[in-house]
Colleague: 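Pasting a structure here, questions to come.
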Amino acid sequence: MRLDTEKYAYSVEFMCGRLGVSRSGYYDWRSRPESATAQRREELKVLIEKSFDMSDSTYGHRRIQAQLHRWGVAAGVELVRRLMRELGLVPCLPRPKRFNLTQVAAGQVPDLVGRDFTADAPGEKLVGDITISRPGKAGCTSQRSSTAARRKSSVTRWTTTTKPH
């Protein structure tokens with residue numbers, strides 16, 4: 001990193017004395033051309049910005065590294081990550097996945113039971129309900145099937161599974 005001494009509060013003589021470096025050594029270092037590593041990093045920054053812009057700011061460091069590999073440019077994932085951080089390139093995060101387990105009906109769903117859950121005999125009207133709850137990351141689906149009858153009691157069966165849908 002090349003420093004312009006006019007911007008800083010301490011003189012070159014003072015800083016060279018503190019660091020144990022001669023003034024002529026400092027000025028010799030300042031006049032040298034950039035190292036090959038610094039030049040390569042600047043070239044990589046240009047390619048990283050190009051890849052990032054081509055992806056509409058959606059690619060992260062892994063995808064950009066894969067893109068550079070496809071272009072025939074060798075660069076490690078960590079180097080690409082570091083350079084993206086230096087450039088201030090932050091990819092946009094994808095929207096969270098939303099799971100829709102039901103499909104939209106074509107029209108109004110008919111009420112075949114007429115909200116009357118009583119039946120003359122067991123097995124005439126069958127009613128079912130599916131409830132999906134996701135405690136933490138694991139999914140839990142419970143299904144309740146019951147036979148509606150005129151009696152107050154009905155046959156109820158509970159099925160619980162943690163398998164993905």
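Quick caveat: nothing in here was measured; it's all calculated off a predicted structure.
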Colleague: Any salt bridge linking Glu43 with Arg40? Criterion: basic side-chain nitrogen under 4.0 Å from a carboxylate oxygen.
Modeller: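 No.
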
Colleague: Just wondering, more than 12 heavy atoms not from Arg63 lying within 6.0 Å of its CZ?
Modeller: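 Open.
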
Colleague: Any donor and acceptor pair, going by atom type alone, linking the side chain of Ser51 with main-chain N or O of Ile48 inside 3.5 Å?
Modeller: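 Between the backbone of Ile48 and the side chain of Ser51 there is no qualifying donor-acceptor contact (under 3.5 Å).
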
Colleague: Answer whether the closest heavy-atom distance between the side chains of Thr37 and Arg41 falls below 4.5 Å.
Modeller: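 Side chain of Thr37 against side chain of Arg41, heavy atoms only: contact under 4.5 Å found.
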
Colleague: First locate atom CZ of Phe52, then atom CG of Leu47, and finally report the distance between them rounded to the nearest 0.5 Å.
Modeller: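 It comes to 15.0 Å.
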
Colleague: Output the distance between atom CG (Leu89) and atom OG (Ser57), rounded to the nearest 0.5 Å.
Modeller: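 Here the interatomic distance stands at 7.5 Å.
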
Colleague: In Å and rounded to the nearest 0.5 Å, what is the CG to CG distance from Leu68 to Leu44?
Modeller: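 That separation rounds to 6.5 Å.
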
Colleague: Would you check if Gln67 and Arg70 make a side-chain contact, meaning some heavy-atom pair closer than 4.5 Å?
Modeller: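 With C-beta onward as the side chain, the pair touches.
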
Colleague: Would you say Tyr59 and Pro91 make side-chain contact, with heavy atoms under 4.5 Å?
Modeller: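 In short, these two side chains do not touch, never coming nearer than 4.5 Å.
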
Colleague: Can you see whether Gln65 engages Arg62 through a side-chain donor-acceptor pair at a distance of less than 3.5 angstrom?
Modeller: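 No donor-acceptor contact under 3.5 Å links the two side chains.
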
Colleague: Rounded to the nearest 0.5 Å, what separates atom CG in Leu87 from atom CD in Glu49?
Modeller: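 Here the rounded value is 5.0 Å.
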
Colleague: Is Tyr27 close to Val12 at the side-chain level, that is, under 4.5 Å between some pair of heavy atoms?
Modeller: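 In short, these two side chains touch, coming nearer than 4.5 Å.
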
